[in-house]
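This report concerns only the one structure given below.
Each ligand, and each atom within it, is numbered from 1 in the order the structure gives.
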Amino acid sequence: MKKQQLRSSCKKCSNGPFVGCAAALVVVLLFSMASTATSCTEGEKGSVLQFLDGLSSDGGLAASWRRNSTDCCVWEGIACGADGSVTDVSLASKGLEGRVSPSLGNLAGLLRVNLSDNSLSGGLPLELVSSDSIVVLDVSFNRLGGDMQELPSSTPARPLQVLNISSNLFTGGFPSTWKVMNNLVALNASNNSFTGQIPSHFCSSSSLLAVVELCYNQFTGSIPPGLGNCSMLRVLKAGHNNLRGTLPNELFDASLLEYLSLPDNDLNGELDGVQIIKLRNLANLNLGGNNFSGKIPDSIGQLRKLEELHLDHNNMSGELPSALSNCTNLITVDLKSNHFNGELTKVNFSSLLNLKNLDLLYNNFTGTIPESIYSCRKLVALRISGNNLHGQLSPRIASLRSLTFLSLGFNNFTNITNTLWILKNCRNLTSLLIGGTNFKGESMPEDEIVDGFQNLQVLSIAGSSLSGNIPFWLSKLTKLEMLLLQDNQLSGPIPGWIRNLNLLFHLDISNNDITGEIPTALMEMPMLNSDKVAPRLDPRAFELPVYATPSRQYRITSAFPKVLNLGNNNFTGMIPEEIGQLNSLVILNFSSNSLSGEIPQQLCNLINLRVLDLSSNRLTGMIPSALKNLHFLSAFNVSHNDLEGQIPDGVQLSTFPDSSFEGNPKLCRHILHRSCDSTEGPSEGPVPSGGQFSTFQISGFEGNNKLCGAMLIHKCGSTEAPPATIMSTKQTYYKTAFAIAFSAFFGVGVLYDQIVLSRYFG
Ligand SMILES: *[C@@H]1O[C@H](CO)[C@@H](O)[C@H](O)[C@H]1NC(C)=O
Ligand SMILES: *[C@@H]1O[C@H](CO)[C@@H](O)[C@H](O)[C@H]1NC(C)=O
Ligand SMILES: *[C@@H]1O[C@H](CO)[C@@H](O)[C@H](O)[C@H]1NC(C)=O
Ligand SMILES: *[C@@H]1O[C@H](CO)[C@@H](O)[C@H](O)[C@H]1NC(C)=O
Ligand SMILES: *[C@@H]1O[C@H](CO)[C@@H](O)[C@H](O)[C@H]1NC(C)=O
Ligand SMILES: *[C@@H]1O[C@H](CO)[C@@H](O)[C@H](O)[C@H]1NC(C)=O
Ligand SMILES: *[C@@H]1O[C@H](CO)[C@@H](O)[C@H](O)[C@H]1NC(C)=O
Ligand SMILES: *[C@@H]1O[C@H](CO)[C@@H](O)[C@H](O)[C@H]1NC(C)=O
Ligand SMILES: *[C@@H]1O[C@H](CO)[C@@H](O)[C@H](O)[C@H]1NC(C)=O
Ligand SMILES: *[C@@H]1O[C@H](CO)[C@@H](O)[C@H](O)[C@H]1NC(C)=O
Ligand SMILES: *[C@@H]1O[C@H](CO)[C@@H](O)[C@H](O)[C@H]1NC(C)=O
Ligand SMILES: *[C@@H]1O[C@H](CO)[C@@H](O)[C@H](O)[C@H]1NC(C)=O
């Protein structure tokens, strides 16, 4: 730690009033008629006004004060005690900008300062932190920054009880001299850029500290054993830092702990069954996103108050202890992404009558779904996908009347007919994800008797190699927003009733054997059609976040892009001109079908389009030059068709690599706009950020600069033969490189999404 300089200016003018009695008397005399309470002194008023001077923007505060009486005690946000001294400065959410004046430290009777949720910048004056009087100091949600200063070594015990400096830009370590704050009860320093060890020196001097929140900083090192001295500690949150090492045994001496939350650090070791049960009041244990290993200790059953158990994203293994069923207050159990194994039936879930969320995604559980789970009548979300469970679903699941989220995918369940028959009775189900390695080789039940599911918003039965048609019963799911049927062997046409699914905005039926023409009914889907008044989607969050990649999660359906993916089927005929109506669409994929005719001009109406893939069809004619108006396009592919003419100039299309166009022998390209040593990447232009595209990597195109000499598409006017006929080894290499670069581009964004979505669509 760097040696701090003591500030000479921080001597406090603690007591003596600035102003003479006379002036005060005048004020009192003047306003004793107007105000029954005692007025503030001129000195105190001066200090309050000095605070105003520090602001660059006061959100109308000065005007409000000026309009009001000259007694600062009645001013907006100011309160005084019986003796007329200012006790409260409550100016949260007032739109204040500028600096926090140290003058507030002159208010000798000041008890509470709340400047939360403004845009204050600069440092936090030590005069406030080390005030003789202030008990509550809340400057959270501002833009205050800089390092915290040390206190003079002679500073006596301070009265501060609540210090909230969270959600600012503070840096550096916590000064050790702050241990003189031995009245501190709550410290919230979350969401800053603090570094160094997490502070524990408060614990040696203060026996009162009950709440310590340090999440979202850059604290390093191990968890200091000294925290165990905080005998009143009830809440310890230090998630999202860079903490390492094991949980020190001393930590478990803080036996009043109710909330122990350390997610997303680099902690390791095993949960010590002897230590953990010392925390008999523990209600919330969150160690997710670390590197803990070993088993859940049997003794966990003694934590009778436990309500939330988050051990997700660790390296834990072993069977679940049957004693878990003694934790009868459990509401949430999140064990996803570990290596837990064994039979779930080891646990008697019947006693967990408060259980609402059970998330076991990506473990190695075997056997069947335990019948006892169906006794958890409050269960809202159940995710057991990505395990090795088998068997058929029990009709008893229909007794889970609150169940809204069910994810069973990527197990070895059988009998989809039975599954759907049973689940249709779960009336409150909104998200159902059941495909992926389940029901292998079975056929899609088509009987009309599958009715129900009236609240379903998301249905994924992808990746199960199901045969049969797109079943009619889907037409009754009027609340459906997302339908994922990709990677099956469904055949027959797209039924016309699809247009009646008023809320459907994400349709993926790629990698099936669907035949017929692309129906114009698809072009009438209201959600993809911004000219129609789009119905409102249900804004409710998923009960469990849905993973598109291991690190990318979706919390609401509307965060997913608007998608029409018909890729890799057997569609024939022309692309209907009505396609121009789908002007809300973000991703359009018709690739790998047998579509013929020209690319319709109307595509240029799809101004929100980011991905357009028409590759591997039998399209003819020219590429419509109007396509260059698709300004958001970040992926474009018309390769392997029979297009002709020249690739339209213009910023948008010309930035795509040759691989977007290759395999069209009659297509030619103007001289490339970039040269080999250009640093400009070809994927310049608006790369969308956030959501679907947040993991797109420009690197998918990087290195293409090196390939610019390899003309896979011949230049317009050149007599060079199409590359398909003469391709040197080198060109083959480049072609492969292109393909890799290209698929890497999609790989991280879209294609990956398709595959991984079904893989991770937990
Ligand atoms: C003056 O202050 C009092 C007390 O805060 C408040 O009720 C009143 O609305 C204020 N008047 C003006 C004109 O701001
Ligand atoms: C400060 O004010 C905000 C907004 O009114 C409030 O939420 C917060 O609890 C207050 N802080 C303290 C310590 O009371
Ligand atoms: C700041 O933290 C204190 C203590 O935890 C709390 O009472 C107060 O409500 C917090 N302020 C805000 C704005 O949340
Ligand atoms: C602590 O600060 C964080 C971030 O500002 C906030 O989310 C949290 O609610 C605060 N805790 C308390 C108890 O106020
Ligand atoms: C962190 O602070 C920033 C800026 O005040 C705020 O926008 C953000 O919501 C905070 N994050 C959390 C998790 O509280
Ligand atoms: C995960 O835990 C196993 C023991 O269960 C251990 O052998 C392995 O090294 C751990 N892996 C990591 C990355 O810590
Ligand atoms: C599941 O168990 C198998 C065999 O015991 C092992 O190979 C595999 O790595 C395990 N998977 C996980 C996610 O732990
Ligand atoms: C499971 O617990 C329930 C109630 O807690 C009890 O009635 C039942 O007998 C238990 N089942 C087994 C197999 O122990
Ligand atoms: C099921 O949903 C309906 C309406 O959406 C609601 O009134 C009812 O309380 C829900 N049932 C349960 C058990 O949550
Ligand atoms: C799935 O279950 C079937 C029988 O129900 C079995 O033959 C098959 O080996 C299982 N597959 C896996 C991957 O466990
Ligand atoms: C599948 O479930 C249906 C309906 O419950 C049942 O009639 C049928 O026998 C089951 N098929 C198999 C192979 O278990
Ligand atoms: C379009 O769908 C096909 C077939 O599923 C797939 O191979 C291709 O990568 C998809 N294109 C994009 C841009 O995702």
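Between Asp613 and ligand 12, an N or O atom pair is found at a separation short of 3.5 Å. Note: an N/O pair closer than 3.5 Å links Asn315 and ligand 6 by distance alone.
At a cut-off of 3.5 Å, with distance as the only test, a side-chain donor of Ser140 or Ser116 sits close to an acceptor on the other residue. Counting only N and O atoms by type, the side chains of Asn192 and Asn168 include no donor and acceptor under 3.5 Å apart. Side-chain polar atoms of Ser592 and Asn568 form no donor-acceptor pair below 3.5 angstrom. Checking Asn341 against Asn363 by side-chain atom types alone, no donor-acceptor pair falls below 3.5 Å. If you check the side chains of Asn191 and Ser167, you find a donor sitting under 3.5 Å from an acceptor.
Regarding atom 3 (C) of ligand 2, its nearest protein heavy-atom neighbour is Asn114 ND2, 3.6 Å. Nearest protein neighbour of atom 11 (N) of ligand 2, counting heavy atoms only, is Asp138 OD2, 2.7 Å. If you check which protein heavy atom lies closest to atom 5 (O) of ligand 2, you get Ala92 CB, 4.3 Å.
The side chain of Asn511, and not its backbone, has at least one atom closer than 4.0 Å to an atom of ligand 12 (non-hydrogen atoms only; side chain from C-beta on). Of all the heavy atoms of Asn164, none lies under 4.0 Å from any atom of ligand 2, so neither backbone nor side chain is involved.
Applying the 4.0 Å criterion to heavy atoms of Val611 picks out, from ligand 12, the atoms 13 (C). Set against the non-hydrogen atoms of Asn291, the atoms of ligand 6 under 4.0 Å away are 14 (O). Taking every heavy atom of Val136 and a limit of under 4.0 angstrom, the matching atoms of ligand 2 come to 13 (C). Applying the 4.0 Å criterion to heavy atoms of Ser591 picks out, from ligand 12, the atoms 1 (C), 2 (O), 3 (C).
Partner of Leu614 under the side chain to side chain contact (heavy atoms under 4.5 Å, CB included) criterion, chosen from Asn593, Asn637, Ile623, Ile599: Ile599.
Distance check for atom 9 (O) of ligand 6: every protein heavy atom is found at 4.0 Å or beyond.
Side-chain atoms of Leu104 and Glu127, non-hydrogen and from C-beta on, never get closer than 4.5 Å to each other.
More than 12 heavy atoms of other residues, nucleotides or ligands sit less than 6.0 Å from atom CZ of Phe170.
Remark: side-chain polar atoms of Asn290 are paired, donor with acceptor, to backbone N or O of Asn265 under 3.5 angstrom.
For the pair Ala635 and ligand 12, no heavy-atom separation below 4.0 Å is found.
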